[in-house]
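These numbers come from the heavy atoms of this one structure, side chains and all, not from hydrogens, waters or symmetry mates. We're numbering straight along the sequence, starting at 1.
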Amino acid sequence: MIGFSERPWLVAVLLMVSIVQCVNVALGSQKVPAMFVFGDSIVDVGNNNYLMSYAKSNYPPYGIDYPGGPSGRFSNGKNIVDMLGDMLGLPSPPAYADPSTTGAKIVGGVNYASAAGGILDETGRHYGERYSLSQQVLNFENTLNQLRTMLDRAALSQYLARSIAVMVIGSNDYINNYLLPSLYPSSYTYTPRDYGNLLINRYARQILALNSVGLRKFFLAGIAPLGCIPNQRARSQYPDRCVDSVNQMLGTFNEGLRSLVQQLNSNHPGSIFIYGNTYGAMGDILNNPAAYGFSVVDKACCGIGTNQGEITCIPFLVPCPDRNRQVFWDAFHPTQAASSVLTQRAFYGPPLDCYPINIQQMAQL
């Protein structure tokens, strides 16, 4: 009998048949066949593990509540895209940079998000390698080339049109660019308003690039109140309160993104773009913590210094024991419990939370 090892062409054919079957199952059985994720450390699932970067979280105590332990997620447990995947009936998309993310593994989507990455290419450069948004879009096009070998043009068009693009980016353009004047000239070059408009204009180009190659459903998250994260509180003269000047400068970006969503929906009737009011949802958690089961809103669960926010969660640091009561996991990121609230509001919330419709409604279209 001739074995597979003597007939490699047969192995290749069987593998391709298997991949095509996976795609057909996804197309036939699910409203949303795939989720493609673009963003920063809020939604990174391990891309930076494979980059020469200081922005990593693949060590304890990160992942202390995540199945399998540290994974490269900047959380004690699951992050927002993990939870969105659960709600959509999809596995959390694998990291693009993982060498095993190929073939059948890309059928349910891919995650391109990178810690320290921003809308501007230069953002976060002091951390080393990272995928900026423009690079993430190029990486998606590499994935698209793989998908073109699995599907004919009509099937691929249908697959992309029903998939959801999740985009969570912009925070680093402030905390790892504009708010670091010793490292970046942006705050000398632009007023806060001009800078916010610059970010929206650059962001719009990348959104349109993704739309032009076939993606039709977009969730675009606004920026949370960064002046309230432990890192910014620790840098302030008054660490017991949010830094109003930082929160106020985000208005141009968030208002601009909501306006962009209106404009995109008007100009692209075959697509749907929705704005996630992250600022409002997180603000509600911080102003009414007890309503969501939280008791600590100003300190990190894992960190060192003022508000545990001067130095973020370093290897083997002992975190707080009651992580479900804390809003912030480290100096920059929410706990799994806080991420769960944000995800629920984006998925099920009214237009105040997610405009003009929520993610659940978009998935049904």
ILVMFWY network linking [X] to [Y], side-chain heavy atoms under 4.5 angstrom:
X      : Y      : answer
Trp329 : Met282 : no
Tyr184 : Tyr174 : no
Phe332 : Ile311 : no
Phe218 : Leu138 : no
Ile274 : Val43  : yes

pair [X]-[Y]: side-chain heavy atoms closer than 4.5 Å:
X      : Y      : answer
Pro319 : Cys313 : no
Ile80  : Val168 : no
Leu257 : Ile200 : yes
Phe347 : Asn358 : no
Arg323 : Cys320 : yes
Ser163 : Met35  : no
Leu226 : Ile223 : yes
Ile207 : Leu260 : yes

Can you tell me if [X] uses its side chain to pair, donor with acceptor, with the backbone of [Y] under 3.5 Å?
X      : Y      : result
Asn197 : Arg193 : yes
Lys217 : Leu365 : yes
Gln136 : Gly39  : yes
Asn48  : Ala55  : yes
Asn211 : Arg216 : no
Asn47  : Ala113 : yes
Asp152 : Ala155 : yes
Ser339 : Asn79  : no
Asn247 : Gly227 : yes
Asn172 : Gly117 : yes

Output the rest of the hydrophobic cluster of Tyr127: all Ile, Leu, Val, Met, Phe, Trp and Tyr residues reachable through side-chain heavy-atom contacts under 4.5 Å, sorted by chain and number.
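Result for Tyr127 is Tyr54.
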Tell me whether the centres of the aromatic rings in Tyr195 and Tyr178 are closer together than 6.0 Å.
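Judged by ring-centre distance (under 6.0 Å), Tyr195 and Tyr178 do meet the cut-off.
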Asp44 bridged to Arg73 by N-O distance under 4.0 Å:
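No, Asp44 and Arg73 are not salt-bridged.
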Please determine if Arg345 and Asp284 form a salt bridge, counting it only when a charged side-chain N lies under 4.0 Å from a carboxylate O.
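Asp284 and Arg345: salt-bridged.
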With Ser340 via side-chain contact (heavy atoms from CB on, under 4.5 Å) - residues at least two apart
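Testing Ser340 for side-chain contact (heavy atoms from CB on, under 4.5 Å), a comparison that skips the adjacent residues, returns Met83, Gln344.
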By side-chain contact (heavy atoms from CB on, under 4.5 Å) - contacts of Arg202 (at least two apart):
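Here the qualifying residues are Ile119, Leu120, Leu198, Arg205.
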Going by the disulfide bond (SG atoms under 2.5 Å apart) test, which pairs reach into residues 208-251, not counting sequence neighbours?
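Every pair satisfying disulfide bond (SG atoms under 2.5 Å apart) with a residue in residues 208-251: Cys228-Cys242.
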With no hydrogens and no angle check, just 3.5 Å: does a side-chain donor-acceptor pair link Asn277 and Asp353?
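Short answer, no.
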Would Gln206 and Ser134 count as having a side-chain donor-acceptor pair, cut-off 3.5 Å?
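The answer is no; no qualifying pair exists.
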Name the residue from Phe36, Tyr50, Tyr131 that meets the side-chain contact (heavy atoms from CB on, under 4.5 Å) definition with Tyr96.
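The single option meeting the side-chain contact (heavy atoms from CB on, under 4.5 Å) with Tyr96 is Tyr131.
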Who are the side chain to side chain donor-acceptor pair (under 3.5 Å) partners of Asn139, not counting sequence neighbours?
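Scan of Asn139 (side chain to side chain donor-acceptor pair (under 3.5 Å), adjacent residues dropped) gives Gln135.
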Validation: residues 293-307 side-chain donor-acceptor distances under 3.5 Å, sequence neighbours left out:
unit_1 : atom_1 : unit_2 : atom_2 : d
Thr306 : OG1    : Glu310 : OE2    : 2.8
Asn307 : ND2    : Pro239 : O      : 3.1
Asn307 : ND2    : Asp298 : O      : 2.7

As an exercise, state the distance from [atom1] of [X] to [atom2] of [Y], rounded to the nearest 0.5 Å.
X      : Y      : atom1 : atom2 : result
Asp194 : Leu199 : CG    : CG    : 11.0 Å
Tyr59  : Leu317 : OH    : CG    : 9.5 Å
Ser171 : Ile42  : OG    : CD1   : 6.0 Å
Ser186 : Leu183 : OG    : CG    : 10.0 Å
Asn254 : Tyr279 : CG    : OH    : 8.0 Å

Mind running side-chain hydrogen bond (donor to acceptor under 3.5 Å, both in side chains) on Asn76 and Thr335 for me, showing each step along the way?
CA-CA 6 Å; Asn76 58 303; Thr335 55; 5.0 Å; no
Quick one: do Tyr112 and Phe38 satisfy ring pair (Phe, Tyr, Trp, His ring centres under 6.0 Å)? Show the steps, please.
CA-CA 5 Å; Tyr112 308 92; Phe38 306 84; 5.1 Å; yes
